[in-house]
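Take a look at the structure set out below.
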Amino acid sequence: MVSAQKSAPIVPGAPLGRIGNLEVRLARNDAEIAAAQEIRYRVFYDELGAGKGRLHLLDQRDIDHFDPLCDHLLVFDSSLPGPEHRRIVGTYRLLRQEAAVAAGGFYSEGEFELTRLVARHPGQRFLELGRSCVLPDYRSKRTIEALWQGIWAYINHYEIGVMTGCASFHGTVPAAHAEALTYLAHHCRTDAAWDVRALPHRYCPMDLMPIEAVNAKAAIAAMPPLVKGYLRVGARIGDGCVIDHDFSTVDVLVVMPVKEIGARYVNYYGGEGQRFAA
């Protein structure tokens, strides 16, 4: 069992990061959560073509039963006109281990054997990152850095030991990403202590071509920005990928023990995270 929660909840509306006109904090009311769900819908369904046959999406919001138990990290553009909840330009969903217990597990447990990984590290507090999306006009290094400022402040406040979550390749054919997946399978896998595998009935191999045929530069270039961003800070990838037909993606599991994240990123983001987490 993870140790009892030591930290009081983050004060609603408290800033967790700021770069120029971009401000980061947690959602503080239903209107802001609904606005984040609308952005998720616009990105996942309208732009990326996730399945639209689900009746609960008639209001054009991406919603599931995890949302009420998660914290929703939001990036606002303070220069935009209108009410604050209409200034949201990016979002991340954060599910702490304590809340996951109340939800019956982490979202990723529907695809990967995350329960076993958590059980092997009883002294660590896990945080699941998910539903990451940014509006097209804001897909820049600055927005990603603002989000990571917020994440660092959050993990410092709650004493998170391990971050994990699914990252996705577009489409439902792993072979379409053979070079990138093969590179991940050979060069970016978790070590034995953090090894985690796709559920047996959903497991798809990632080692799809001879490693000697893989061009590393091309493989990395072909990866989604989120995957490259995770690898940049020192994350590792679990064993096997999973086809998510609801979202029309091929998912891999990312594992990031906080103590193993590269020192330069800890120094870069951690200083700001500590300041905002205080």
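Computation of the quantities below employed the complete heavy-atom set of this structure, encompassing side-chain atoms and omitting hydrogens, waters and symmetry-equivalent molecules. For reference, positions follow the sequence shown, starting with 1.
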**OP:** Pick out which of Arg42, Arg61, Gln60 makes a side chain to side chain donor-acceptor pair (under 3.5 Å) with Gln37.
**Re:** Arg61
Original post:
Are Ile33 and Phe66 joined in one hydrophobic group, where the rule is that I, L, V, M, F, W and Y side chains link up if heavy atoms are under 4.5 Å apart?
Top reply: no
Original post:
Which atom names give the shortest non-hydrogen contact between Leu127 and Tyr154, and what distance separates them?
Top reply: CD1-CE2, 3.8 Å
**OP:** To the nearest 0.5 angstrom, please state how far the CE atom of Met163 sits from the CD1 atom of Ile261.
**Re:** 3.5 Å
Original post:
So with a 6.0 Å cut-off around CZ of Arg116, is the heavy-atom count from everything else above 12?
Top reply: no
**OP:** Of all the heavy-atom pairs spanning Gly161 and Gln124, show the shortest one and how long it is.
**Re:** CA-OE1, 3.2 Å
Original post:
Hey, what do you get for CG (Leu16) to CH2 (Trp148), rounding to the nearest 0.5 Å?
Top reply: 14.0 Å
Original post:
Between Leu181 and Pro174, is any pair of side-chain heavy atoms under 4.5 Å apart?
Top reply: yes
Original post:
When you measure from the side chain of His121 to the backbone N and O of Ala193, does any donor-acceptor pair fall under 3.5 Å?
Top reply: yes
Original post:
Thr182 side chain to Leu208 main-chain N or O, any donor-acceptor pair under 3.5 Å?
Top reply: yes
**OP:** Evaluate the side-chain proximity of Val250 to Asp244: yes if any heavy-atom separation is below 4.5 Å, no if none is.
**Re:** no
Original post:
If we ignore angles and hydrogens, is there a donor and acceptor under 3.5 Å between the side chains of Asn21 and Arg142?
Top reply: yes
Original post:
Thinking salt bridges, do Glu159 and Arg96 make one under a 4.0 Å N-O criterion?
Top reply: no
Subject >> Pairwise side-chain contact, Ile151 with Tyr92, heavy-atom cut-off 4.5 Å (strictly under) >> reply: yes
**OP:** Indicate the atoms forming the closest heavy-atom contact of Cys133 with Ile39, along with that distance.
**Re:** SG-CG2, 3.9 Å
Enumerate donor-acceptor pairs with a distance under 3.5 Å from any side-chain N or O in residues 210-222 to protein atoms, sequence neighbours excluded.
| from | atom 1 | to | atom 2 | distance (Å) |
| --- | --- | --- | --- | --- |
| Asn215 | OD1 | Lys217 | N | 3.1 |
| Asn215 | OD1 | Ala218 | N | 2.8 |

Original post:
Which pair of heavy atoms, one from Thr91 and one from Ala36, lies closest together, and at what distance?
Top reply: OG1-CB, 3.8 Å
**OP:** Verify the cluster assignment for Phe247 and Val173: are they in a single hydrophobic cluster under the rule of side-chain heavy atoms below 4.5 Å apart?
**Re:** no
Original post:
Would you find a donor on one side and an acceptor on the other, under 3.5 Å apart, between the side chain of His157 and the backbone of Ala8?
Top reply: yes
Subject >> Among Arg189, Met223, Arg236, His177, side chain to side chain contact (heavy atoms under 4.5 Å, CB included) partner for Leu184 >> reply: Met223
**OP:** Determine whether Val196 and Tyr203 fall in the same hydrophobic cluster, where Ile, Leu, Val, Met, Phe, Trp and Tyr are linked whenever their side-chain heavy atoms lie under 4.5 Å apart.
**Re:** no
Subject >> Interatomic spacing from CZ in Arg25 to NE2 in His72 - rounded to 0.5 Å >> reply: 13.0 Å
Subject >> Thr249 side chain to Ser168 backbone, donor-acceptor under 3.5 Å >> reply: no
Subject >> Arg131 to Tyr107, cation-pi by 6.0 Å centre distance and 45° axis angle >> reply: yes
Original post:
Can you check side-chain contact (heavy atoms from CB on, under 4.5 Å) on Gln149 and Val24, steps first, answer last?
Top reply: CA-CA 8 Å; Gln149 272 190 17; Val24 187; 5.5 Å; no
Subject >> Min side-chain heavy-atom separation Leu48-Val43 under 4.5 Å >> reply: yes
Original post:
With a 4.5 Å heavy-atom cut-off, do Leu253 and Cys166 have their side chains touching?
Top reply: yes
Subject >> Ring geometry between Tyr45 and Tyr41 (parallel below 30°, tilted from 30 to 60°, perpendicular above 60°) >> reply: parallel
**OP:** Taking all heavy atoms of Ala198 and all of Val242, pick out the closest pair and write down the distance.
**Re:** CB-CG2, 3.7 Å
Subject >> Euclidean distance, Asp195 CG relative to Glu113 CD, rounded to 0.5 Å >> reply: 9.5 Å
Original post:
Is the shortest distance from a Lys or Arg side-chain nitrogen in Arg93 or Glu128 to a carboxylate oxygen in the other one below 4.0 Å?
Top reply: no
Original post:
Given Ile237 and Leu231, is the side-chain contact (heavy atoms from CB on, under 4.5 Å) satisfied, shown in steps?
Top reply: CA-CA 9 Å; Ile237 306 297; Leu231 295 179; 4.2 Å; yes
**OP:** Check whether any side-chain heavy atom of Val75 sits under 4.5 Å from a side-chain heavy atom of Leu147, and report yes or no.
**Re:** yes
Subject >> Ion pair check, Asp67 and Arg40, cut-off under 4.0 Å >> reply: yes
Original post:
Are Leu74 and Ile19 in one and the same hydrophobic cluster, where Ile, Leu, Val, Met, Phe, Trp and Tyr link if side-chain heavy atoms are under 4.5 Å apart?
Top reply: no
**OP:** Evaluate the side-chain proximity of Leu94 to Leu129: yes if any heavy-atom separation is below 4.5 Å, no if none is.
**Re:** yes
Subject >> Atom pair OG (Ser108) and CG (Leu95), whose distance is rounded to the nearest 0.5 Å >> reply: 9.0 Å
Original post:
Are Leu80 and Ile88 linked, directly or through other ILVMFWY residues, by side chains that come within less than 4.5 angstrom of each other?
Top reply: yes
Subject >> Gap separating the CD atom of Gln97 from the OH atom of Tyr158, nearest 0.5 angstrom >> reply: 14.5 Å
Original post:
Going through the distances and angles, do Val162 and Val258 end up as a side-chain contact (heavy atoms from CB on, under 4.5 Å)?
Top reply: CA-CA 5 Å; Val162 188; Val258 173; over 6 Å; no
Original post:
At their closest point, which heavy atom of Thr172 faces which heavy atom of Ser248, and how far apart are they?
Top reply: CG2-CA, 3.6 Å
**OP:** Kindly indicate, with the supporting measurements, whether the criterion side-chain contact (heavy atoms from CB on, under 4.5 Å) is fulfilled by Phe112 and Leu117.
**Re:** CA-CA 10 Å; Phe112 295 89; Leu117 178 64; over 6 Å; no
Subject >> More than 12 heavy atoms from other groups under 6.0 Å of CG on Asp191 >> reply: yes
Original post:
Would a 4.5 Å heavy-atom cut-off, applied to side chains only, mark Pro136 and Glu47 as touching?
Top reply: yes
Original post:
Is there a donor-acceptor pair under 3.5 Å between the side chain of Arg87 and the backbone N or O of Gly82?
Top reply: yes
**OP:** May I ask you to decide if Cys188's main-chain N or O and Tyr183's side chain share a donor-acceptor pair within less than 3.5 Å?
**Re:** no
